[in-house]
Structures are given as C-alpha cells and as structure tokens.
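Because only heavy atoms are used, hydrogens play no part in the values below, and waters and symmetry mates are left out as well, while side chains stay in. As the structure lists them, so they are numbered: ligands from 1, and atoms in each ligand from 1.
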Amino acid sequence: MLKIYGQWASRAFRVAWLCKESNIPYEHVPVTIYAEDASAKAPWYLALNPNGRLPTIDDDGFVMWESAAINLYLAEKYRSPLFPTTMEGKGRMLQWVLFIANDIEIPMILVFQHRFRFPPEKRVPKLADEAEGPMLAKLQVIEDQLSKTPFLQGDHWGMADFVAASVLYSLHAMQYDKLAQFPRLKQWLEASVNRPAAKEAIALRAS
Ligand SMILES: N[C@@H](CCC(=O)N[C@@H](CS)C(=O)NCC(=O)O)C(=O)O
C-alpha cells in the first residue's frame, strides 16, 4: 500500500488531500521536522529523501519526494477524476503547477511563516514585507484568469485547481486579509478548501 511519510501539519497534507479526492488508500508514517531530533534528518529518512524534507512517498517500492510531483504522479497512476484526459488539459495543468511553484509558493511561504506559522520570536517581519509585493502581483494573475474561466483547469475543478488550492491553502489558514483584493480567487479558494476531501485532509493537520 502507498505510504505517506510526513507530519500532517506540513505539505504532506497536500498528498492526503489528493488521495482523498481520488480514493487512493494510504498508510501514514509520521516524520518530524524543526526539532533537535527531527526524524526528517535521520539517516533512515535521508536514504528515502536526501533533501530531508516532507513529504516523501513509497508506492509499493517506488520512492519519490516533492509534493507537487508526487501528486501529479499519484493522480495519473491511480486515474484520479481530477487528472486531465487531453494533451491540452495536461498542458494547462502543467502551466499552473509550474507557475504556482515558481512564482507564488516561495514568496507566499515567507509571508505565511513570518506573519503566522513561526512563533513571534522567530519571525523576521522584513522577509514577509519584501515577499508580499511580488506575491500579490502573481495572485492578480489568478484573479484575472478566474474572471475568464470559473476554474484554472477551465470549465471544471481539476488538477490545476487542486495543486493551486493545496498551495494557497496557507493563505486561507492564516486568514490573510489581503485576499479581499481578489474576490474571485477568495471565493474559488473557499470553495476548494470546503470540498469534503479537503475538509478531511485539513482536519488531519490538527491530529
Ligand atoms: N518543494 C518541497 C518543499 C518541502 C518542504 O520544504 N517541506 C517542509 C515542510 S512543509 C519541510 O520539510 N521543512 C523542514 C526543513 O526544511 O528542514 C515540496 O513541495 O515537497
């Protein structure tokens, strides 16, 4: 059976969300981060993921890491209803996946960590402030798209929407006030994180 290594309050929850959207059974192997004795830095885990980060999967002996790549692999292999069935659909999915990973996730994580996730004594406000402008400019690109099509995948909530929403979940979690500048994006994100599979995966984060 598929094994997901990680702690749920991390990008590992994105893999659980995909599994729940796609009816893929899995077992969870807890791995810790950000502690003196974090198991993500232990030799047994580094043998699976030399990058020492979460998540990693073992799919019947096939080991891989990087959350977006894992989710694309699982969705295609297990024939998720989210995965596109045409070349154009796959192209559109990859466009949004790479845009989110390259242009949004890095500044967004800085805003998330230094305004919300880290304990106050570890926050560096300047890092969040500097990242915010570039992040907002890229969120506008999503807002503009959602004024043309109801979903990033086009006419249905598909893999592009899943990957984008699973990353942008952090803005929902921190109740980011500037989301109000992007009404379509805000509405789309709220609908995405309220899907039954999303709610189950988000609930894991508190477990
Ligand atoms: N691009 C990677 C990023 C993985 C990542 O940074 N994971 C965080 C948890 S959400 C982590 O393991 N942090 C611990 C560390 O950096 O030591 C992915 O999407 O899988």
> Are Trp96 and Asp161 close enough that a side-chain donor and a side-chain acceptor fall under 3.5 Å?
Replying inline: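 On atom types as modelled, these side chains do not qualify, holding no pair under 3.5 Å.
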>> Between Glu130 and Lys126 (salt bridge meaning N to carboxylate O under 4.0 Å), is one present in this structure?
In response: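 Lys126 and Glu130: salt-bridged.
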> Taking 4.0 angstrom as the limit, do Glu132 and Lys178 come out as a salt bridge?
Replying inline: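 Lys178 and Glu132: salt-bridged.
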> Considering only heavy atoms, which protein residues lie less than 4.0 Å from any atom of ligand 1?
Replying inline: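 Contacts of ligand 1 under 4.0 Å: Ser10, Arg11, Ile33, Tyr34, Lys41, Arg53, Leu54, Pro55, Glu66, Ser67.
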>> Would you say CD of Gln187 has more than 12 non-hydrogen atoms from neighbouring residues, nucleotides or ligands within 6.0 angstrom?
In response: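 It does not: Gln187 CD has 12 such atoms or fewer within range.
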> How long is the gap from CD1 on Ile4 to OG1 on Thr56, to the nearest 0.5 Å?
Replying inline: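 Here the rounded value is 11.0 Å.
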> What is the ring orientation for Phe62 with Tyr73, classed by angle as parallel under 30°, tilted 30 to 60°, or perpendicular over 60°?
Replying inline: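 Tilted, since the angle between the ring planes falls between 30° and 60°.
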